[in-house]
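The block underneath contains the structure these notes are about, expressed in structure tokens.
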Amino acid sequence: MHADDFLVRDNLHFTHPPQRMFGACADCAAGRCAPARPARRLFTGLLAASGATALLPAWAREGVDVGPKSKFTGFVSAEQLEKAGGQQYAQMLQQAAQQRGLAPMQHPQLQRLRYIAQRIIPYSYEWNDRARQWKWEVNLLGDAQLNAFCIPGGKIAFYYGILDKLKLEDDEVAAIMGHEVAHALREHARERVGKNTVTNGVIELGSALLGLGNLGRGLAGLGGQLLTLRFSREDETEADLVGIELAARAGYDPAAAVRLWEKMMAANKGAPPQWLSTHPASGTRIRDIQANLPLVSGLYARAAKPDQRFPIAPPMKSAS
């Protein structure tokens, strides 16, 4: 397909359309997200805000600290989840291509996304050993929504709308990509599926207590689940913080995450869209990021900077 054949639609038609929007929080979408609610594994912001980083021992890891992964990830096979995600991703690409909504390899904005991903991916390995074996993919979909995602197994997709409507610079693209990759690295989808699995009683109690969960049961249709899962407020906070570290190590300004969320709010004329609901993106979320910027500023200062910068995405012709 030639680059001129790539079209942007209001909505691409998928068998399992993604329901989770970039940065969405299930509690926020339901109006349950209280601004003062502390994050599950977040304590680094308090250290940064108080200047207490000097009290950390010399051997402490440089960067953000969001604590261990949820134990619920142990109830679901990572291999099967990644396989299901890969199959669903391939199906989405095929369906997008049929609608002329899959960017060809030579498209400048796809080349931009893949360049940024190549810089970020090597820094993912520290967060998840499995990431070294993932068959990473990056694609651009011709959909006008403000959305992007990373399916378990390193399957990344950006919608053209988020690049175009927000007029994103490379550092802001890196903030989004770091955030979405962080969800995959922290296995938030696996955690959510694990919780659903336990709630639905798919894993027998005895096997669960012995750590021998029947990993082959109840996993049919996982691909569809991966596109409809909504992460919690704590998951979103983790993704924000791990994301700014990934961006910083890759040589992209981590402070761009603040500018990104300011743009997200401005794009909705100051009113949070449904998928942000009562979540004060200009308040709590941005303050969490700002409080943690000192923890990654040194990483950014020492990082090799990108040797290529890309133009902002131009408006694309819409499908008739």
- prompt: Is there a side chain to side chain contact (heavy atoms under 4.5 Å, CB included) between R130 and E79 once you walk through the steps?
  reply: CA-CA 9 Å; R130 295 187 59 79; E79 293 87 347; 3.5 Å; yes
query: Nearest 0.5 Å, what's the CD1-OG1 distance between I289 and T237?
result: 9.0 Å
statement: For G178 and L246 the tightest heavy-atom approach is O-CD1, 3.8 Å
query: Please, which pairs that meet ring-ring contact (aromatic ring centres under 6.0 Å, His included) have at least one residue in residues 287-318, sequence neighbours excluded?
result: Y115-F310
- line: Sorted by chain and residue number, the side-chain hydrogen bond (donor to acceptor under 3.5 Å, both in side chains) partners of W134 (sequence neighbours excluded) come out as E82
field: With Q94 via side-chain hydrogen bond (donor to acceptor under 3.5 Å, both in side chains) - residues at least two apart
entry: none
query: Who pairs with R302 by side chain to side chain contact (heavy atoms under 4.5 Å, CB included), at least two apart in sequence or on another chain?
result: E62, L299
query: Where is the tightest heavy-atom contact between C150 and A184, given as atom of each residue plus distance?
result: SG-CB, 3.8 Å
query: What are the two closest non-hydrogen atoms of L241 and D288, and how far apart are they?
result: CD2-O, 3.9 Å
message: Could you measure the distance from the CD atom of Q111 to the CG atom of L140? Nearest 0.5 Å is fine.
response: 11.5 Å
- request: Return the minimal non-hydrogen interatomic distance between A313 and R112, and the atom names on each side.
  value: N-NH1, 4.0 Å
task: Evaluate the side-chain proximity of Q95 to T15: yes if any heavy-atom separation is below 4.5 Å, no if none is.
output: yes
message: Enumerate the salt bridge (charged side-chain N to carboxylate O under 4.0 Å, His left out) contacts for residues 138-155, please, sequence neighbours excluded, ordered by first and then second residue.
response: E137-K155
task: Determine, for K305 against D253, whether the closest basic-nitrogen to carboxylate-oxygen distance falls under 4.0 angstrom.
output: no
Under 3.5 Å donor-acceptor, R9 side chain and Q99 backbone: yes
field: Reported CG-to-OH distance for the pair D171 and Y252, which is rounded to 0.5 angstrom
entry: 7.5 Å
task: Apply side chain to side chain contact (heavy atoms under 4.5 Å, CB included) to A96 and list each qualifying residue two or more places apart in sequence or on a separate chain.
output: L12, F14, L102, L141
task: Check whether any side-chain heavy atom of L260 sits under 4.5 Å from a side-chain heavy atom of L166, and report yes or no.
output: yes
query: Any donor and acceptor pair, going by atom type alone, linking the side chain of Q290 with main-chain N or O of V258 inside 3.5 Å?
result: no
field: Reference residue L163; test side chain to side chain contact (heavy atoms under 4.5 Å, CB included); the match among I176, I312, L168
entry: L168
query: Residues two or more places apart in sequence or in another chain: which of them pass side-chain hydrogen bond (donor to acceptor under 3.5 Å, both in side chains) with Y89?
result: N139
L110 to A103 - nearest heavy-atom pair and separation: CD2-O, 3.6 Å
field: Main-chain N/O of E169 paired to E172 side chain as donor or acceptor, under 3.5 Å
entry: yes
- request: Quick one: which residue pairs count as a side-chain hydrogen bond (donor to acceptor under 3.5 Å, both in side chains) with a foot in residues 117-129, not counting sequence neighbours?
  value: R61-E126
query: Partners of S297 by side-chain hydrogen bond (donor to acceptor under 3.5 Å, both in side chains), sequence neighbours excluded?
result: none
- prompt: Of all residues at least two apart in sequence or in a different chain, which pass the side chain to side chain contact (heavy atoms under 4.5 Å, CB included) check with P314?
  reply: Q109, Y160
message: Among residues at least two apart in sequence or on other chains, which ones pass side chain to side chain contact (heavy atoms under 4.5 Å, CB included) with Q87?
response: K83
- prompt: Do you know which two heavy atoms are closest between H183 and D235, and how far apart they sit?
  reply: CE1-O, 3.7 Å
